[in-house]
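In listed order, ligands and their atoms are each counted from 1.
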Amino acid sequence: MKKIIYFVAIILLVSCKEEQPLATLKSKDNLGFVADSAMVVSAKEEASSIGLFILQQGGNAFDAMVATEMALAVSYPFAGNLGGGGFMVYRKADGEIGSLDYRERAPYLATKTMYQDKDGNVQPEKSMFGALAVGVPGTVAGIFATHEKFGSLPMEEILKPVIALAQKGFVVTEKQNNTLARYREQFLQENKDTILFAKSYNSGDTIKNPQLANTLERIVQNGKDEFYGGETGKKLVAYLQERGGIMSMEDLKEYQTHWRDPIEVKYNDLKIISMPPPSSGGIVLGQILKMLESYPLDEFGHNSLKSIQVLTEAERRAYADRSFYLGDPEFFDIPVETLLSDEYVSGRMDNFSFEQATPSSSISYGEIPGYESDETTHYSIVDQFGNAIAVTTTLNGAYGSKMFIEELGFFLNNEMDDFSSKPGVPNMFGLIGAEANAIAPGKKMLSSMTPTIVEKNGEFYMSLGSPGGSTIITSVLQTILNVEEFGMSMQEAVDAPRFHHQWLPDEILFEPRAFEAQILDSLTQKGYNINEGESRIIGKVDAIKVLPDGRLEGGADKRGDDSAKGY
Ligand code: DON
């Protein structure tokens, strides 16, 4: 069984990867794109341009969030979505911070063992493909919650350029063309029919999505209820029920977003503000940074043997905690304060030595006294008023469940795979979970998405985040360290080669051909398992940083079509 899961996981991980020739990545000495007042960095030029346009119309970062999120749904259907969910972390110009959880949740008819057969074996394809894989989408509720609380322009004005983009079409890039070609067969298989994105395209072609334009027009007219009860909602539910799904109108009508207090962690002179549960991002990132703080990483050097070792060991320990303690806080009591306390975190590295790897088999979640057990995309925006946001949004796998509602013009997520289908059995990212992340009706599945804002000396300093499943957290981590410890510009920090460890499987994943052979040999000698396979992505970070003179520098990851726009 384990073998089958591993095999499916590899296929899915390949499927989550965009085309990206990974020649040796060498950091550049120059800055990325620089702007004086405002910036949007996202996975697609059209989306960055529309976000920027809204800022230039006098809109704020929250208006631009709505526009960018929807423009990604049009021009980057790989992960941009109406049929998925996400998280936003914000810091307003006056220093107020917060976060919005618009994560999908399990339909009311979901059960703990719904992906197991009668003998208790997990059937991984059921949580990854088809109608049962789909969680109740949160994205439309997310843009309305953001707009209601902080928006300044009318929704109609914000969505106008997005609707025009869906009508006029977006130009297919070479990378997009490659991913579309790779999934064509799966689109046909899952939809039992051809769909807009299953046609044969070439790079440079234009894809128009008039059905999505119509859906967005109805959303402008009828508001959030159009999706959570109106014509769009009814068509969505009918589509899923015809295909054996369990989502009902009640699921849509009762879907809820949550404004949550972000996770705040100090690291040197930085304050890291990141996503709390149901994302594991903020807690795991915070734990790793706290474990690292006492080591002189700047002296060890970027991607040096010692730096790789100490990061790996901290990651191993934090991901072990993730597997046991983290899940939806509405359903499971999470010991957040203890997990991030100095006392608990410092003790976790006690058994680490530079001489020898700590095997993951000897590491479990830490003991907490008195505790009772029981394809994604990121964008960052800074506006001309000084508000900053970091947003990560997802369908989970590339094009989600691959199910596309032709009439409505969008893909549906396969986020149910982020639950733990059975304790100890890995999901498509190889992540293991326990009771905390077991399936329950109306529960939100645990995420790794890590939209993050960094303050330096009390001022806004960086906004960043990444796709990449389990590798999101370590990609965000390394990008922050590249700036803070290794003095890189934002663009250099984003482009620098990355590696990743997640406790289980017990291996360090390296970007291929980007690390010195001698360092990899030394790691092997010390007992580390090395994986330099081609199949995995290690994040695709989009970020913004404030330069010493107050201007903004963008970091648009060169691994994708990512684009920074500003003025
Ligand atoms: O929420 C999560 O952690 C995952 N659903 C994210 C998926 C992802 O990043 C896919 N991208 N490659």
Mark up the atoms of ligand 1 that fall under 4.0 Å of a heavy atom belonging to [X], in ascending order.
X: Ile472; answer: 9 (O)
X: Gly468; answer: 8 (C), 9 (O), 11 (N), 12 (N)
X: Pro467; answer: 9 (O)

Of all residues at least two apart in sequence or in a different chain, which pass the side chain to side chain donor-acceptor pair (under 3.5 Å) check with Ser421? none
Going by salt bridge (Lys or Arg N to Asp or Glu O under 4.0 Å), Asp562 matches just one of Lys175, Lys44, Lys540. Which one? Lys540
Has Glu532 got a side-chain atom pairing as donor or acceptor with Arg513's backbone, closer than 3.5 angstrom? yes
Of Thr377, Asn414, Thr450, Thr376, the residue with the heavy atom nearest atom 7 (C) of ligand 1 is Thr376
Closest by any non-hydrogen atom to atom 4 (C) of ligand 1: pick that one out of Asp418, Asp417, Ile473. Asp418
For ligand 1 and Leu446, I'd like to know whether there is a polar contact (N/O to N/O, distance under 3.5 Å). no
So is Arg103 touching ligand 1 or not, going by heavy atoms under 4.0 Å? yes
Would a line drawn from the ring center of Phe78 to the ring center of Tyr399 be shorter than 6.0 Å? yes
I'd like to know if Lys444 pairs up with Glu104 as an ion pair, taking the criterion as any Lys NZ or Arg NE/NH1/NH2 lying under 4.0 Å from an Asp or Glu carboxylate oxygen. no
Residue portion contacting ligand 1 (non-hydrogen atoms closer than 4.0 Å) for Glu415: side chain
Step through the shown structure and confirm whether more than 12 heavy atoms of other residues, nucleotides or ligands are within 6.0 Å of NZ on Lys422. yes
